[in-house]
Amino acid sequence: DAAVELARQSDVAVIVGGLITCQETGDQCQEAEAYDRVAIGLPGVQEDFVKAVAATGTPTVLVILSGASVSLPAFAAADSGVAAIVYGWYPGEEGGTAPADVLL
């Protein structure tokens with residue numbers, strides 16, 4: 001995977017993941033008002049991707065964008081390879097620069 005190889009060559013890897021709202025995707029809805037989620041972890045292949053990047057040994061920062069909580073026990077452990085977890089909620093139009101400002 002190209003992203004994992006790029007992380008291996010980098011000083012730090014920053015991964016942005018999270019949930020998709022129903023307003024954005026319709027049938028791929030992962031969270032909304034009056035909507036019950038079937039799981040509270042990262043959806044799809046995100047968890048496997050974070051594990052693969054963290055396994056490279058490159059310090060990894062996980063930025064979560066979501067309107068609801070996300071369970072991340074695999075990454076909260078000291079030996080997970082994830083150096084930091086930043087929860088950004090839904091940050092609006094400054095969503096790209098706000099996490100960068102925090103991390104720099």
Side-chain angles (χ1 to χ4, degrees):
D1 181 63
V4 173
E5 184 54 37
L6 186 59
R8 188 173 280 112
Q9 299 170 21
S10 300
D11 293 331
V12 175
V14 178
I15 300 172
V16 179
L19 304 178
I20 301 172
T21 69
C22 295
Q23 294 84 352
E24 296 167 347
T25 61
D27 66 340
Q28 295 178 6
C29 175
Q30 295 169 340
E31 68 175 347
E33 294 177 25
Y35 177 81
D36 292 331
R37 291 169 33 201
V38 296
I40 62 170
L42 287 172
V45 299
Q46 292 182 63
E47 189 166 324
D48 291 337
F49 178 68
V50 174
K51 287 178 181 177
V53 170
T56 66
T58 299
T60 302
V61 176
L62 178 57
V63 179
I64 298 295
L65 302 181
S66 166
S69 59
V70 177
S71 178
L72 302 167
F75 309 122
D79 62 350
S80 71
V82 174
I85 300 172
V86 177
Y87 207 95
W89 299 99
Y90 282 127
E93 63 186 58
E94 287 295 314
T97 56
D101 288 346
V102 169
L103 295 173
L104 295 176

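Note that this is a predicted model, so its numbers are computed, not measured.
The two atoms that bring Thr60 and Ala54 nearest to each other are OG1-CA, 3.6 Å, heavy atoms only. Shortest non-hydrogen contact noted between Val12 and Val61 is CG1-CG2, 4.3 Å. For the residue pair Pro43 and Leu19, the shortest heavy atom distance occurs at CD-CD2, 3.5 Å. The two atoms that bring Pro99 and Gly95 nearest to each other are CD-O, 3.0 Å, heavy atoms only. When every heavy atom of Ala7 is checked against every heavy atom of Val53, the shortest pair comes out as CB-CG1, 3.7 Å. Of all heavy-atom pairs between Tyr90 and Gly67, the closest is CE1-N, 3.0 Å.
In the hydrophobic clustering of ILVMFWY residues, with side-chain heavy atoms under 4.5 Å counting as a link, Trp89 and Leu42 come out together.
Distance CG/Asp11 to OG1/Thr58: 8.0 Å, rounded to 0.5 Å. Atom CG in Asp101 sits 8.0 Å away from atom CD in Glu94 (nearest 0.5 Å). Separating the CD atom in Glu47 from the CZ atom in Phe75 is a distance of 4.5 Å, to the nearest 0.5 Å.
Between the Ser80 side chain and the Ala76 main chain, no donor and acceptor come within less than 3.5 Å of each other.
In summary, of the residues considered (Val16, Val86, Leu72), a side chain to side chain contact (heavy atoms under 4.5 Å, CB included) with Ile64 occurs for Leu72 alone.
The 12-atom threshold is exceeded at CD of Glu5, counting heavy atoms of other residues, nucleotides or ligands nearer than 6.0 Å.
With contacts defined as side-chain heavy-atom distances shorter than 4.5 Å, the pair Val63/Val14 qualifies.
Tyr87 and Ser69 form no side-chain donor-acceptor contact under 3.5 Å, judged by distance and modelled atom types alone.
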